[in-house]
Amino acid sequence: MELENNTAVPEHVAIIMDGNGRWAEQQGQPRKNGHEEGMEAVRRVTKRASERGVKVLTLYAFSTENWKRPPQEVHFLMQLPIRFFDRFVPELQEKNIRVNMIGFEDKVPGSTKKAILKAMEQTKHNTGMILNFAFNYGGRSEIVQATKRIAEKVANNEIDLNDINESLVEGHMLTHSLEPYQNVDFLIRSSGEQRLSNFLLWQNAYSEFYFSELLWPEFTGDVLDEALLSYKNRKRRYGAL
């Protein structure tokens with residue numbers, strides 16, 4: 001079944017891109033080859049999401065827990081943004097896609113940070129879909145950081161304790177710049193795993209979940225369409241009847 005362009009789509013889609021390493025192992029290849037193929041999947045899915053009218057596509061590119069991986073693999077993962085943007089920024093420009101990043105910049109190598117910031121600068125005037133990379137990101141750390149900032153404002157008498165509400169907290173999240181699309185509508189995870197893995201814990205409070213058995217390098221635009229069709233047939237109640 002094909003997804004028509006006028007079909008209602010989620011405004012903010014978030015994807016946990018899981019299974020690069022397993023894909024490579026199944027092919028008898030080094031894990032780094034899986035990450036390379038995963039980069040091509042990012043390209044395919046980004047283009048299709050933009051074509052379907054998604055407003056924000058957030059990709060879990062590197063978590064705060066990924067530093068626990070072998071140093072050689074971490075180094076390779078840090079080089080991926082450099083290669084990705086070097087290859088695909090012209091296509092992002094053509095599709096009017098704007099690059100954004102959320103995460104914690106400390107520990108990220110200067111060359112990696114430079115490549116991401118350059119892509120953000122090159123695409124800052126684009127008015128189409130936002131391609132939002134969660135890089136060196138962790139949901140718990142994000143909430144802790146927001147809590148500290150709010151506590152500091154209370155201590156400095158900038159705000160009163162009674163001023164703290166969901167809207168205020170949301171405004172201190174790393175996704176606040178994505179307003180009005182800062183909260184996730186539809187979360188997709190590849191590889192058959194069924195957990196959040198510390199990803200956008202606040203923003204996924206009322207999102208719909210979709211778990212695919214396919215490994216991330218196997219994702220195509222048609223696979224995304226299949227997921228979006230699943231979303232179309234759901235009823236979002238937000239706790240109501």
Side-chain angles (χ1 to χ4, degrees), residues 1-23 26 34-62 80-81 84-85 87-102 119 123 126-135 137 175 178 181-197 199-200 203-204 206-236:
M1 186 184 302
E2 294 185 359
L3 185 75
E4 298 178 359
N5 281 325
N6 60 358
T7 299
V9 298
E11 292 177 322
H12 186 166
V13 176
I15 304 180
I16 300 175
M17 306 179 293
D18 199 7
N20 290 341
R22 273 171 283 173
W23 180 88
Q26 288 179 6
H35 295 307
E36 288 280 3
E37 288 297 322
M39 191 166 65
E40 290 295 329
V42 168
R43 174 175 170 264
R44 295 191 296 264
V45 170
T46 296
K47 291 171 66 176
R48 185 62 60 88
S50 174
E51 291 167 1
R52 294 310 185 207
V54 173
K55 304 298 184 184
V56 177
L57 177 65
T58 297
L59 303 178
Y60 205 6
F62 191 90
L80 278 181
F84 177 84
F85 291 125
R87 293 185 199 175
F88 300 134
V89 161
E91 285 189 62
L92 298 178
Q93 293 281 46
E94 181 184 342
K95 296 290 184 180
N96 196 30
I97 295 170
R98 177 162 68 88
V99 175
N100 190 60
M101 189 196 89
I102 58 172
T123 62
N126 292 347
T127 57
M129 188 184 78
I130 298 172
L131 177 58
N132 185 44
F133 286 95
F135 199 83
Y137 171 87
T175 48
L178 301 174
Y181 310 117
Q182 63 266 50
N183 291 314
V184 178
D185 297 300
F186 194 39
L187 174 76
I188 299 170
R189 180 165 188 157
S190 59
S191 86
E193 303 292 346
Q194 298 184 20
R195 56 181 179 271
L196 275 176
S197 295
F199 183 47
L200 297 174
Q203 297 86 346
N204 273 307
Y206 281 102
S207 62
E208 296 290 328
F209 290 2
Y210 182 89
F211 300 107
S212 172
E213 294 295 326
L214 294 175
L215 302 175
W216 177 246
E218 299 170 322
F219 260 64
T220 63
D222 290 342
V223 173
L224 178 65
D225 279 350
E226 183 179 340
L228 294 177
L229 277 172
S230 170
Y231 176 87
K232 174 181 178 289
N233 294 322
R234 302 186 190 189
K235 296 186 183 296
R236 304 183 72 195

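Numbering starts at 1 and runs along the sequence shown.
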Quick one: do the E37 and N20 side chains pair a donor with an acceptor below 3.5 Å? no

Determine yes or no for a side-chain-to-main-chain donor-acceptor pair under 3.5 angstrom, with Y137 supplying the side chain and A61 the backbone.
no

Checklist line | Residues L57, N132; criterion side-chain contact (heavy atoms from CB on, under 4.5 Å); working and verdict | finding: CA-CA 6 Å; L57 177 65; N132 185 44; over 6 Å; no

Separation between CD (Q203) and CG (L187), nearest 0.5 Å, reads 11.5 Å

Output for pair (Y210 OH, Q194 CD), nearest 0.5 Å, gives 12.0 Å

(request) For the residue pair L59 and L131, establish whether any side-chain heavy-atom pair is separated by less than 4.5 Å. (result) yes

Keeping H12 on the side-chain end and D185 on the backbone end, is there a donor-acceptor pair under 3.5 Å?
no

R98 meets the salt bridge (charged side-chain N to carboxylate O under 4.0 Å, His left out) criterion, sequence neighbours left out, with none

Rounded to the nearest 0.5 angstrom, the OG1-CG distance for T123 and L92 is 7.0 Å

Evaluation steps, side-chain contact (heavy atoms from CB on, under 4.5 Å), between T58 and I15: CA-CA 6 Å; T58 297; I15 304 180; over 6 Å; no

So salt bridge (charged side-chain N to carboxylate O under 4.0 Å, His left out) across residues 206-218, not counting sequence neighbours, yields E208-R234

Check: When you measure from the side chain of N96 to the backbone N and O of T127, does any donor-acceptor pair fall under 3.5 Å?
Finding: yes

Sorted by chain and residue number, the side chain to side chain donor-acceptor pair (under 3.5 Å) partners of E91 (sequence neighbours excluded) come out as R43, K47

**Prompt:** Are any non-hydrogen side-chain atoms of L196 and F209 less than 4.5 angstrom apart?
**Reply:** yes

Closest non-hydrogen contact found for L215 with G19 is CB-O, 3.8 Å

Here the gap from L200 atom CG to N183 atom CG, rounded to the nearest 0.5 Å, amounts to 9.5 Å

Is the backbone of V42 close enough, under 3.5 Å, to the side chain of T46 for a donor and an acceptor to pair up by distance? yes

Hits for ring pair (Phe, Tyr, Trp, His ring centres under 6.0 Å) against W216, two or more places apart or cross-chain, chain-then-number order -> F219

S212/R189 under side-chain contact (heavy atoms from CB on, under 4.5 Å): CA gap, chis, key distance, verdict: CA-CA 6 Å; S212 172; R189 180 165 188 157; over 6 Å; no

*asked:* Is there a side-chain contact (heavy atoms from CB on, under 4.5 Å) between L214 and V223? Walk through the geometry before answering.
replied: CA-CA 9 Å; L214 294 175; V223 173; 3.7 Å; yes

Distance col, row N233:CG vs Y231:OH, nearest 0.5 angstrom, shows 11.5 Å

d(N126 CG, S50 OG) to nearest 0.5 Å is 10.0 Å

Item to check | Short side-chain donor-acceptor distance under 3.5 Å, R48 and T220 | outcome: no

**Asked** Can you find a pair of side-chain heavy atoms, one from E40 and one from P217, that are under 4.5 Å apart?
**Response** no

Sequence neighbours excluded, the answer for ring pair (Phe, Tyr, Trp, His ring centres under 6.0 Å) partners of F62 is W67, F135

Sorted by chain and residue number, the ring pair (Phe, Tyr, Trp, His ring centres under 6.0 Å) partners of F84 (sequence neighbours excluded) come out as F88, F133

